[in-house]
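As structure tokens, the structure follows; a few thoughts come after it.
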Number of protein chains: 2
Amino acid sequence: MATEYAESILLWQQTFLIGGCLKEKVKARSVPFSKTRNRHANETAEDYVEAVAEIIEESGECRVLDLARHFNVSHVTVSRIVKRLQDQQLLYSQPYRPVDLTPKGAKFAKRVRERHAVVLAFLMALGVDKSSAQIDSEGIEHHVGPKTLAAMKRFLEP
Amino acid sequence: MATEYAESILLWQQTFLIGGCLKEKVKARSVPFSKTRNRHANETAEDYVEAVAEIIEESGECRVLDLARHFNVSHVTVSRIVKRLQDQQLLYSQPYRPVDLTPKGAKFAKRVRERHAVVLAFLMALGVDKSSAQIDSEGIEHHVGPKTLAAMKRFLEP
DNA sequence: AACAAAATGTAGCATAAGCTACGGATAATG
DNA sequence: CATTATCCGTAGCTTATGCTACATTTTGTT
Ligand SMILES: [Mn+2]
Ligand SMILES: [Mn+2]
Ligand SMILES: [Mn+2]
Ligand SMILES: [Mn+2]
């Protein structure tokens, strides 16, 4: 429902971009902010499915505490978010049991991990040291649209 | 106070990065997420001082409603945030009066606008179309550290 | 000056994401 | 098998950012 609301806003703004009347330079200027807010709303889900996939790959299972240490937050914060991602059909979770990805979550994780890998490799190819690239890519990844992602790939393998 | 807390966490993690014991690969991995959360906490302030500077430059004054239209949010959201930024000495504001930048806010705005301009120019130089570059740079700018910013500048003017 | 319109503030609600404190469940160890 | 340690859930608090509805102030127009 949060998603529906956000999408309706974007659709409404699309119409403003098409029909070109008088004072919608302001409207058009607001579109990047709306889209950025949308992307921030997805950010937690993206980081969590990515982390679950990585942790399972590394250690065989993913516990709530693994995620808490991964993100440096309390286990309570993780529990609540896991519950929401379960409602969104991205994760399986039962009380006191390890967390796992649903098929939908696994597909999502695959896309997100690929994009993150491209962004990280791109920054390093650009000459950024690994430590800075790891930090910056952790935030940048969520704001890289398809066009920018394609451009980064072109830069990496010409 | 939120800032002090966040900084104390970062300092604490620094020590973990220096002293290399056993299970702090997990700790080290959590640093990018902590720093990204920090950057998100600054994001609103950055976007607002930037917007205030732009709007004043374009139209002579910046009203609450100008900001509301700029960001596509309600004037109530703007009012509350302006109040906080006033507490942080970034903005001047009196009831029913236009908003202005403090000297501190103006310096901040200068840095933020320059960084945003570099990121936007960089994406376009990379081959991203203007519309996508505008959208993506609006989010990416807040996650570009000094090293990445320097690398982008090198790419732009060699 | 009076009235209407526009801008701004206030009250009250929602959701997301942090936290501590405490209690219950599971797992490891004797 | 009993005990302890670890893990996890729940209750309750906080801050940030969205919203609508309504009140107030300022501004513009008869
Ligand atoms: Mn990631
Ligand atoms: Mn991330
Ligand atoms: Mn921005
Ligand atoms: Mn971001």
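Because only heavy atoms are used, hydrogens play no part in the values below, and waters and symmetry mates are left out as well, while side chains stay in. Every chain is numbered from 1, with letters handed out A, B, ... down the list of sequences.
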* To do: Check the geometry between His75(A) and dC7(D) and answer yes if their rings are stacked (centres below 5.5 Å, planes below 30°), otherwise no.
  => no
* Which nucleotide sits closest to the side chain of Tyr96(B): dT8(C), dC8(D), dT20(D)? -> dT8(C)
In whole angstroms, how far is the [atom2] atom of [N] from the [atom1] atom of [X]?
X	N	atom1	atom2	value
Tyr48(B)	dG18(D)	OH	C1'	10 Å
Leu67(A)	dA17(C)	CG	C1'	15 Å
Phe71(B)	dA16(D)	CZ	C1'	15 Å
Glu46(A)	dA17(C)	CD	P	12 Å
Glu43(B)	dT17(D)	CD	P	9 Å
Ile81(B)	dT15(D)	CD1	P	16 Å
Asn38(B)	dA16(D)	CG	C1'	15 Å
Gln94(A)	dG9(D)	CD	P	11 Å

* Touch check for Ser79(B), heavy atoms < 4.0 angstrom, all strands: base, sugar-phosphate only, or nothing? -> sugar-phosphate
* Have a look at Val78(A) and say if it touches a base, only the backbone sugar-phosphate, or nothing, with a 4.0 Å heavy-atom cut-off. => nothing
* Asked: Between Thr36(A) and Glu43(B), is a side-chain contact (heavy atoms from CB on, under 4.5 Å) present by the stated rule, with each step listed?
  -> CA-CA 11 Å; Thr36(A) 298; Glu43(B) 187 160 336; 3.9 Å; yes
* Using the closest heavy atom to pick a nucleotide of DNA chain D for each, name whichever of Pro95(B) or Val76(A) lands nearer the 5' end. => Val76(A)
Any [X] side-chain nitrogen or oxygen under 4.0 Å from OP1 or OP2 of [N]:
X	N	result
Arg97(A)	dA27(C)	yes
Arg63(B)	dT8(C)	yes
Ser74(B)	dC19(D)	yes
Thr44(B)	dA16(D)	no
Lys83(A)	dA17(C)	no

* Any donor-acceptor pair under 3.5 Å between the side chain of Arg80(B) and the base of dG18(D)? -> yes
* Hey, mind stepping through Glu46(A) and Arg111(A) against salt bridge (Lys or Arg N to Asp or Glu O under 4.0 Å) and telling me if it holds? -> CA-CA 9 Å; Glu46(A) 291 173 357; Arg111(A) 283 210 314 276; over 6 Å; no
* Structure fact -> In short, Thr102(A) meets Gln89(A) closest at the heavy-atom pair OG1-O, 2.6 Å
* Shortest non-hydrogen contact between Arg63(A) and Tyr96(A), atoms and distance -> NH2-O, 3.0 Å
* Hey, are Ser137(A) and His116(A) close enough side-chain-wise for a donor-acceptor pair under 3.5 Å? -> yes
